[in-house]
Amino acid sequence: MKKVISTNSAPAAIGPYSQAIEANGMLFLSGMLPIDPSDGNIVAGGVKEQTAQIFRNIEAVLTAAGVTMDNIVKTTVFLDDMSLFAEMNEVYGSCFTGTFPARSAFAVKALPKNALVEIEVIAVK
(Lines give C-alpha, C1' and ligand atoms only; values in the text may rest on other atoms or scores of the structure.)
Protein backbone atom coordinates (compact mmCIF):
# COMPACT_ATOMS: atom_id res chain seq x y z
CA MET A 1 0.00 0.00 0.00
CA LYS A 2 1.33 3.42 -0.88
CA LYS A 3 0.22 6.87 0.17
CA VAL A 4 0.84 10.16 -1.61
CA ILE A 5 2.38 12.89 0.56
CA SER A 6 1.73 16.44 -0.61
CA THR A 7 1.92 19.94 0.83
CA ASN A 8 1.41 23.47 -0.46
CA SER A 9 4.44 24.49 1.66
CA ALA A 10 6.74 22.94 -0.96
CA PRO A 11 6.75 23.42 -4.73
CA ALA A 12 4.07 21.57 -6.63
CA ALA A 13 5.25 18.78 -8.90
CA ILE A 14 6.19 20.13 -12.34
CA GLY A 15 5.37 16.85 -14.05
CA PRO A 16 3.60 13.52 -13.63
CA TYR A 17 5.02 12.63 -10.21
CA SER A 18 4.28 13.12 -6.50
CA GLN A 19 6.22 15.22 -4.01
CA ALA A 20 6.64 12.04 -1.96
CA ILE A 21 5.31 8.52 -1.55
CA GLU A 22 5.03 6.63 1.72
CA ALA A 23 5.22 2.85 1.53
CA ASN A 24 5.85 0.30 4.29
CA GLY A 25 7.10 2.93 6.75
CA MET A 26 9.48 4.48 4.24
CA LEU A 27 9.24 7.89 2.57
CA PHE A 28 10.57 8.47 -0.91
CA LEU A 29 10.83 12.16 -1.78
CA SER A 30 11.14 13.15 -5.40
CA GLY A 31 14.10 15.28 -6.36
CA MET A 32 13.61 18.70 -4.83
CA LEU A 33 14.55 21.80 -6.75
CA PRO A 34 15.39 25.19 -5.22
CA ILE A 35 11.95 26.58 -6.01
CA ASP A 36 10.27 29.06 -3.70
CA PRO A 37 6.74 27.66 -3.32
CA SER A 38 5.31 31.16 -2.85
CA ASP A 39 6.12 32.23 -6.41
CA GLY A 40 7.20 29.07 -8.25
CA ASN A 41 10.61 30.49 -9.18
CA ILE A 42 14.15 29.31 -8.53
CA VAL A 43 15.53 31.31 -5.60
CA ALA A 44 18.04 34.05 -6.35
CA GLY A 45 21.69 33.48 -5.58
CA GLY A 46 24.12 30.65 -6.02
CA VAL A 47 24.35 27.04 -4.93
CA LYS A 48 24.34 27.91 -1.21
CA GLU A 49 21.01 29.74 -1.46
CA GLN A 50 19.61 27.02 -3.69
CA THR A 51 20.67 24.24 -1.30
CA ALA A 52 19.10 26.09 1.65
CA GLN A 53 15.80 26.43 -0.25
CA ILE A 54 15.84 22.76 -1.18
CA PHE A 55 16.16 21.81 2.47
CA ARG A 56 13.27 24.12 3.39
CA ASN A 57 11.22 22.28 0.75
CA ILE A 58 12.37 18.87 2.03
CA GLU A 59 11.46 19.84 5.60
CA ALA A 60 7.98 20.92 4.46
CA VAL A 61 7.31 17.56 2.80
CA LEU A 62 8.72 15.63 5.76
CA THR A 63 6.52 17.64 8.13
CA ALA A 64 3.48 16.79 5.99
CA ALA A 65 4.45 13.14 6.41
CA GLY A 66 4.80 13.53 10.19
CA VAL A 67 8.58 13.15 10.41
CA THR A 68 11.68 15.34 10.69
CA MET A 69 15.10 15.66 9.12
CA ASP A 70 16.32 13.11 11.69
CA ASN A 71 14.32 10.45 9.82
CA ILE A 72 16.37 10.86 6.63
CA VAL A 73 18.54 7.80 5.92
CA LYS A 74 19.74 8.50 2.36
CA THR A 75 20.15 11.50 0.08
CA THR A 76 21.18 11.84 -3.52
CA VAL A 77 22.60 15.18 -4.62
CA PHE A 78 22.65 16.18 -8.27
CA LEU A 79 24.92 19.11 -9.13
CA ASP A 80 25.16 21.16 -12.30
CA ASP A 81 28.95 21.03 -11.85
CA MET A 82 31.17 19.28 -9.27
CA SER A 83 32.96 22.60 -8.66
CA LEU A 84 29.83 23.51 -6.66
CA PHE A 85 30.27 20.58 -4.26
CA ALA A 86 32.13 22.40 -1.45
CA GLU A 87 29.60 25.24 -1.25
CA MET A 88 26.65 22.84 -1.39
CA ASN A 89 28.30 20.63 1.24
CA GLU A 90 28.73 23.56 3.64
CA VAL A 91 24.98 24.22 3.67
CA TYR A 92 24.11 20.51 3.52
CA GLY A 93 26.14 19.78 6.66
CA SER A 94 24.38 22.53 8.61
CA CYS A 95 20.97 20.99 7.90
CA PHE A 96 21.58 17.88 10.02
CA THR A 97 22.24 17.28 13.70
CA GLY A 98 23.67 14.06 15.06
CA THR A 99 24.12 11.31 12.52
CA PHE A 100 24.35 12.22 8.86
CA PRO A 101 22.44 10.14 6.32
CA ALA A 102 24.17 8.09 3.66
CA ARG A 103 24.71 10.17 0.51
CA SER A 104 25.64 10.02 -3.13
CA ALA A 105 26.54 13.07 -5.21
CA PHE A 106 26.74 13.35 -8.97
CA ALA A 107 27.43 16.00 -11.56
CA VAL A 108 24.81 15.94 -14.30
CA LYS A 109 24.62 17.59 -17.68
CA ALA A 110 21.65 19.81 -16.76
CA LEU A 111 18.88 20.10 -14.17
CA PRO A 112 15.25 21.16 -14.61
CA LYS A 113 14.69 24.92 -14.71
CA ASN A 114 18.48 25.39 -14.95
CA ALA A 115 18.89 24.76 -11.22
CA LEU A 116 22.41 24.34 -9.86
CA VAL A 117 21.41 21.55 -7.46
CA GLU A 118 18.64 19.00 -6.88
CA ILE A 119 18.35 16.66 -3.89
CA GLU A 120 16.23 13.56 -3.40
CA VAL A 121 15.63 11.92 -0.04
CA ILE A 122 14.67 8.59 1.50
CA ALA A 123 13.42 8.66 5.10
CA VAL A 124 11.98 6.09 7.51
CA LYS A 125 9.14 6.53 9.97
Side-chain angles (χ1 to χ4, degrees):
M1 197 76 169
K2 65 182 183 179
K3 175 183 173 186
V4 173
I5 306 296
S6 182
T7 177
N8 292 331
S9 297
I14 58 173
Y17 61 90
S18 301
Q19 287 175 330
I21 295 291
E22 180 181 343
N24 298 322
M26 297 185 70
L27 296 165
F28 300 90
L29 278 66
S30 293
M32 293 286 164
L33 292 170
I35 296 173
D36 182 336
S38 69
D39 64 15
N41 294 316
I42 299 279
V43 295
V47 72
K48 285 183 176 183
E49 292 80 8
Q50 289 192 13
T51 302
Q53 181 63 51
I54 287 170
F55 276 104
R56 285 189 291 273
N57 296 341
I58 288 170
E59 265 193 298
V61 175
L62 292 174
T63 298
V67 299
T68 70
M69 296 285 286
D70 291 334
N71 295 84
I72 296 174
V73 295
K74 172 74 168 77
T75 64
T76 305
V77 178
F78 303 95
L79 292 162
D80 181 60
D81 189 295
M82 283 309 283
S83 67
L84 303 171
F85 183 84
E87 288 181 277
M88 175 282 301
N89 201 46
E90 184 180 326
V91 176
Y92 179 101
S94 71
C95 293
F96 296 96
T97 57
T99 306
F100 293 106
R103 177 179 75 186
S104 300
F106 302 93
V108 296
K109 184 173 175 142
L111 290 167
K113 295 191 164 228
N114 295 314
L116 299 175
V117 60
E118 178 177 353
I119 300 173
E120 66 180 25
V121 167
I122 299 172
V124 294
K125 280 195 142 183

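Just the heavy atoms: all of them, side chains too, but no hydrogens, waters or symmetry mates, feed the values below.
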Asker: Taking all atoms of both residues into account, what is the closest heavy-atom pair of Val91 and Ala52, and its distance?
Answerer: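 Shortest heavy-atom separation between Val91 and Ala52 comes out as CG1-N, 3.8 Å.
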Asker: For residues Leu29 and Met26: do they belong to one hydrophobic cluster (side chain heavy atoms under 4.5 Å, members Ile, Leu, Val, Met, Phe, Trp, Tyr)?
Answerer: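 Each belongs to a different hydrophobic cluster.
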Asker: Does NZ in Lys74 sit with more than 12 non-hydrogen atoms of other residues, nucleotides or ligands closer than 6.0 Å?
Answerer: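 Buried by this count: over 12 neighbours within 6.0 Å.
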Asker: How long is the gap from CD on Glu120 to CE on Met32, to the nearest 0.5 Å?
Answerer: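 Reported to 0.5 Å precision, the distance equals 10.0 Å.
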Asker: Nearest 0.5 Å, what's the CG-CD1 distance between Leu33 and Ile54?
Answerer: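 Between Leu33 CG and Ile54 CD1, I get 6.5 Å after rounding to 0.5 Å.
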Asker: Verify, without hydrogens or angle tests, whether Asn71 (side chain) and Val124 (backbone) share a donor-acceptor contact under 3.5 angstrom.
Answerer: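 Such a contact is found between Asn71 side chain and Val124 backbone.
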Asker: If you count the non-hydrogen atoms of other residues, nucleotides and ligands that lie under 6.0 Å from CG in Asn114, is the total more than 12?
Answerer: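 Atom CG in Asn114 is not packed in, count stays at 12 or less.
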Asker: Would you call the rings of Phe106 and Phe78 parallel, tilted or perpendicular if under 30° counts as parallel and over 60° as perpendicular?
Answerer: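 Because their plane-to-plane angle is under 30°, the rings of Phe106 and Phe78 count as parallel.
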Asker: Drop me the distance from Leu111's CG to Asp81's CG, to the nearest 0.5 angstrom.
Answerer: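 One finds 11.0 Å between CG of Leu111 and CG of Asp81.
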Asker: Less than 6.0 Å separating the ring centroids of Tyr92 and Phe85?
Answerer: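 That pair fails the under 6.0 Å test.
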Asker: Nearest 0.5 Å please: distance from the OG1 atom of Thr75 over to the CE atom of Met69.
Answerer: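 It is 9.0 Å, given to the nearest 0.5 Å.
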Asker: Under the salt bridge (charged side-chain N to carboxylate O under 4.0 Å, His left out) definition, can you give me all pairs with a residue in residues 13-28, not counting sequence neighbours?
Answerer: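 Checked against salt bridge (charged side-chain N to carboxylate O under 4.0 Å, His left out) - neighbours excluded - the pairs reaching residues 13-28 are Glu22-Lys125.
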Asker: Would you name the heavy atoms of Thr7 and Ala64 that are closest together and state the gap between them?
Answerer: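 Shortest heavy-atom separation between Thr7 and Ala64 comes out as CB-CB, 3.8 Å.
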Asker: Keeping the roles fixed (side chain from Glu87, backbone from Leu84), state whether a donor-acceptor pair exists under 3.5 Å.
Answerer: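 No: the side chain of Glu87 does not pair with the backbone of Leu84.
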Asker: Can you measure from CG (Asn24) to NZ (Lys2) and round to the nearest 0.5 angstrom?
Answerer: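 Reported to 0.5 Å precision, the distance equals 12.0 Å.
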Asker: Between Gln19 (side chain only) and Ser30 (backbone N and O only), is there a donor and an acceptor less than 3.5 Å apart?
Answerer: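 No; zero donor-acceptor contacts below 3.5 Å.
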Asker: Output the distance between atom CD (Gln53) and atom CD1 (Ile42), rounded to the nearest 0.5 Å.
Answerer: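 Answer for the CD-CD1 pair, Gln53 versus Ile42, is 9.0 Å.
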Asker: Taking Asn57 for its side chain and Ile35 for its backbone only, find out whether a donor-acceptor pair lies under 3.5 Å.
Answerer: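 Looks like yes, one N/O pair under 3.5 Å.
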Asker: Mind listing the closest non-hydrogen atom pair of Ser9 and Pro37 along with its distance?
Answerer: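 Minimum heavy-atom separation between Ser9 and Pro37: O-CG, 3.4 Å.
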Asker: Honestly curious: do Val67 and Val121 fall in one hydrophobic cluster under the side-chain, below-4.5 Å linking rule?
Answerer: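 Yes, it is one cluster - the side chains of Val67 and Val121 are joined through contacts under 4.5 Å.
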Asker: Would you say Ile14 ends up clustered with Ile58 if hydrophobic residues are merged whenever their side chains have heavy atoms under 4.5 Å apart, either directly or through other cluster members?
Answerer: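 Ile58 and Ile14: separate clusters.
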Asker: Is there a donor-acceptor contact under 3.5 Å from the side chain of Gln50 to the main chain of Leu116?
Answerer: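 Confirmed, Gln50 side chain pairs with Leu116 backbone.
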Asker: When you compare the side chain of Pro112 with that of Glu118, does any pair of heavy atoms fall below 4.5 Å?
Answerer: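 Counting from C-beta outward, Glu118 and Pro112 do come under 4.5 Å.
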Asker: For the hydrophobic clusters of this structure (ILVMFWY residues joined by side-chain heavy atoms under 4.5 Å, transitively), does one cluster hold both Val108 and Ile119?
Answerer: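 They do not share one cluster, since no chain of ILVMFWY contacts under 4.5 Å joins Val108 to Ile119.
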Asker: Under a single-linkage definition using a 4.5 Å side-chain heavy-atom cutoff for Ile, Leu, Val, Met, Phe, Trp and Tyr, are Met88 and Met82 assigned to the same hydrophobic cluster?
Answerer: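 As far as the 4.5 Å side-chain criterion goes, Met82 and Met88 are connected within one cluster.
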Asker: If you compare all heavy atoms of Leu27 against all heavy atoms of Leu62, which two are closest, and at what distance to 0.1 Å?
Answerer: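 Looking at all heavy atoms of both residues, the closest pair is CD1-CD2, 4.3 Å.
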